[in-house]
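Reading through the structure tokens given below for one structure.
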Amino acid sequence: YTTLFRSACPWFLAATCAILPADREICRQGLEECGPAKVFRDNLRAVEMVWEGMDREGVSPSWKDVLAKEGGGGFVAFL
């Protein structure tokens, strides 16, 4: 899992900045390629919550704030 966790971190961080649908899809694919383990699926769900907030508010929210507000403090696998 060590290599997968190292892959998860940059994909997650890039995804939190992705605005365009094409960029989001690339990040989604990168996160999915980390593997089927729950921790990696949770990372993707966390990113989707960030995107929902971004689309709703019109600005990129802090992913830490989004997770705290949504009760997803345990999502991000590489922290």
Side-chain angles (χ1 to χ4, degrees):
Y1 274 114
T2 303
T3 302
L4 295 175
F5 278 105
R6 279 187 256 155
S7 296
C9 180
W11 279 120
F12 180 86
L13 295 175
T16 63
C17 301
I19 297 170
L20 300 176
D23 294 337
R24 289 179 179 182
E25 185 57 31
I26 290 168
C27 292
R28 178 180 283 113
Q29 289 174 3
L31 286 166
E32 288 172 348
E33 288 176 8
C34 290
K38 184 179 182 319
V39 294
F40 300 124
R41 291 192 320 268
D42 287 348
N43 282 353
L44 182 56
R45 178 61 191 131
V47 164
E48 290 170 345
M49 288 190 308
V50 169
W51 291 339
E52 290 167 9
M54 190 182 296
D55 294 343
R56 184 177 53 250
E57 303 295 325
V59 295
S60 182
S62 162
W63 60 268
K64 290 181 181 180
D65 292 345
V66 169
L67 293 178
K69 185 170 33 170
E70 298 290 337
F75 277 122
V76 184
F78 58 86
L79 295 179

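- For the pair W11 (side chain) and E32 (backbone), a donor-acceptor distance under 3.5 Å is absent.
- A search for side-chain hydrogen bond (donor to acceptor under 3.5 Å, both in side chains) contacts involving Q29 returns E25, not counting sequence neighbours.
- Partners of S60 according to the side-chain contact (heavy atoms from CB on, under 4.5 Å) rule, which considers only residues two or more places apart in sequence or in another chain, are M54.
- Rounding to the nearest 0.5 angstrom, the gap separating the CZ atom in R28 from the CG atom in D23 is 12.0 Å.
- A search for side-chain hydrogen bond (donor to acceptor under 3.5 Å, both in side chains) contacts involving E48 returns nothing, not counting sequence neighbours.
- Distance check: C27 SG to N43 CG gives 12.5 Å after rounding to the nearest 0.5 Å.
- Considering CD1 of I19 and CG of D55, their distance stands at 10.0 Å, rounded to 0.5 Å.
- A pairwise comparison of heavy atoms in F40 and G35 identifies CB-O, 3.6 Å as the closest pair.
- A pairwise comparison of heavy atoms in P10 and S7 identifies CD-O, 3.3 Å as the closest pair.
- Going from atom CH2 of W51 over to atom OG1 of T16 covers 9.5 Å, rounded to the nearest 0.5 Å.
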